[in-house]
Amino acid sequence: MYTTVTIRDATTLKRPREKQEKRTFVLDLLSERVSVRELIRSRVYQEVQEYNAVQPEYYRGLVEPSDAERTLNGLRLRQRRQIDWEAQFEQAVDAFTRNGFLILVDDEQVTDLDAIVEVKLGTMVTFLKLVPLVGG
């Protein structure tokens, strides 16, 4: 049975209000009970498939593809091309295990890739990207 969940991207980086981007989208899942690993996999697969179908100027995904440059408007690939969702998935899992981002399910943090998430009507999953502190 298919189900959907609302995904929200957030960051710890503070920007002026006019430049803050709130990204929310719906993710299709195969089951109401999924592991955190499967949640990440489904999210990465869907966003890469959507990018590959159109190949817009900017990539808006969970992790940065290789050969991408950061611009004021987002990530831009030096040369538009198909992105490998499996490589992006591996990079996302690695980032999660290194605390590159947190996952909150209805504002409760999940920390284990094998933890099972119960998706109900109205469930909100937040991918909170952490911004490293710069010191010197």
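In this structure a side-chain-to-backbone donor-acceptor pair under 3.5 Å is missing from Ser31 to Val34. Here the side chain of Glu32 pairs no donor or acceptor atom with the backbone of Lys120 at under 3.5 angstrom. Side-chain atoms of Gln88 come within 3.5 Å of backbone atoms of Val63 as a donor-acceptor pair (strictly under, hydrogens ignored). A donor-acceptor pair under 3.5 Å is absent between the side-chain atoms of Arg41 and the main chain of Val93, judged by distance alone. A donor-acceptor pair is defined here as one N or O able to donate and one able to accept, closer than 3.5 Å; such a pair exists between the side chain of Gln82 and the backbone of Asn52. Here the side chain of Glu47 pairs a donor or acceptor atom with the backbone of Leu62 at under 3.5 angstrom. Here the side chain of Gln46 pairs a donor or acceptor atom with the backbone of Asp28 at under 3.5 angstrom.
Atom CD1 in Ile103 sits 10.5 Å away from atom OG1 in Thr111 (nearest 0.5 Å). Considering CG of Leu27 and CD1 of Ile40, their distance stands at 11.5 Å, rounded to 0.5 Å. Of the inter-residue distances, the one linking Tyr59 atom OH with Ile83 atom CD1 reads 5.0 Å to the nearest 0.5 angstrom. Rounding to the nearest 0.5 Å places CD of Gln49 at 8.5 Å from CH2 of Trp85. Considering CD of Glu38 and CG of Leu113, their distance stands at 12.0 Å, rounded to 0.5 Å. Atoms OG1 and CD1, on Thr126 and Ile7 in that order, are 8.0 Å from each other to the nearest 0.5 Å.
Residues Val44 and Leu104 are members of separate hydrophobic clusters, defined by side-chain heavy-atom contacts under 4.5 angstrom among Ile, Leu, Val, Met, Phe, Trp and Tyr.
The existence of a salt bridge linking Glu57 and Arg76 is confirmed by a sub-4.0 Å separation between a basic side-chain nitrogen and an acidic carboxylate oxygen.
When side chains are defined from C-beta on, Arg80 does not count as touching Pro56, because their heavy atoms never get closer than 4.5 Å. Between Thr123 and Asp106, the closest side-chain pair of non-hydrogen atoms falls below 4.5 Å. Residues Arg78 and Glu69 meet the side-chain proximity criterion, which asks for heavy atoms closer than 4.5 Å.
The environment of CZ in Arg33 is sparse: at most 12 heavy-atom neighbours from other residues, nucleotides or ligands sit within 6.0 Å.
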* **Derivation and outcome, side-chain contact (heavy atoms from CB on, under 4.5 Å), residues Val26 and Val5** => CA-CA 6 Å; Val26 174; Val5 64; over 6 Å; no
* To do: Could you please spell out the steps behind the side-chain contact (heavy atoms from CB on, under 4.5 Å) verdict for Arg60 and Phe25?
  => CA-CA 12 Å; Arg60 294 173 40 176; Phe25 59 97; over 6 Å; no
* Asked: Can Arg43 and Phe127 be said to form a side-chain contact (heavy atoms from CB on, under 4.5 Å), step by step?
  -> CA-CA 10 Å; Arg43 186 239 162 99; Phe127 285 76; 3.2 Å; yes
* To do: Give the intermediate values and the outcome of side-chain contact (heavy atoms from CB on, under 4.5 Å) for residues Asp84 and Phe89.
  => CA-CA 9 Å; Asp84 177 8; Phe89 170 61; over 6 Å; no
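Between Phe101 and Phe96, a ring centre-to-centre spacing shorter than 6.0 Å is recorded.
By the salt bridge (charged side-chain N to carboxylate O under 4.0 Å, His left out) test, Arg37 is found to be paired with Asp114, residues two or more places apart in sequence or in another chain being considered.
Checked by atom type, the side-chain pair Tyr51/Gln55 shows no donor-acceptor distance below 3.5 Å.
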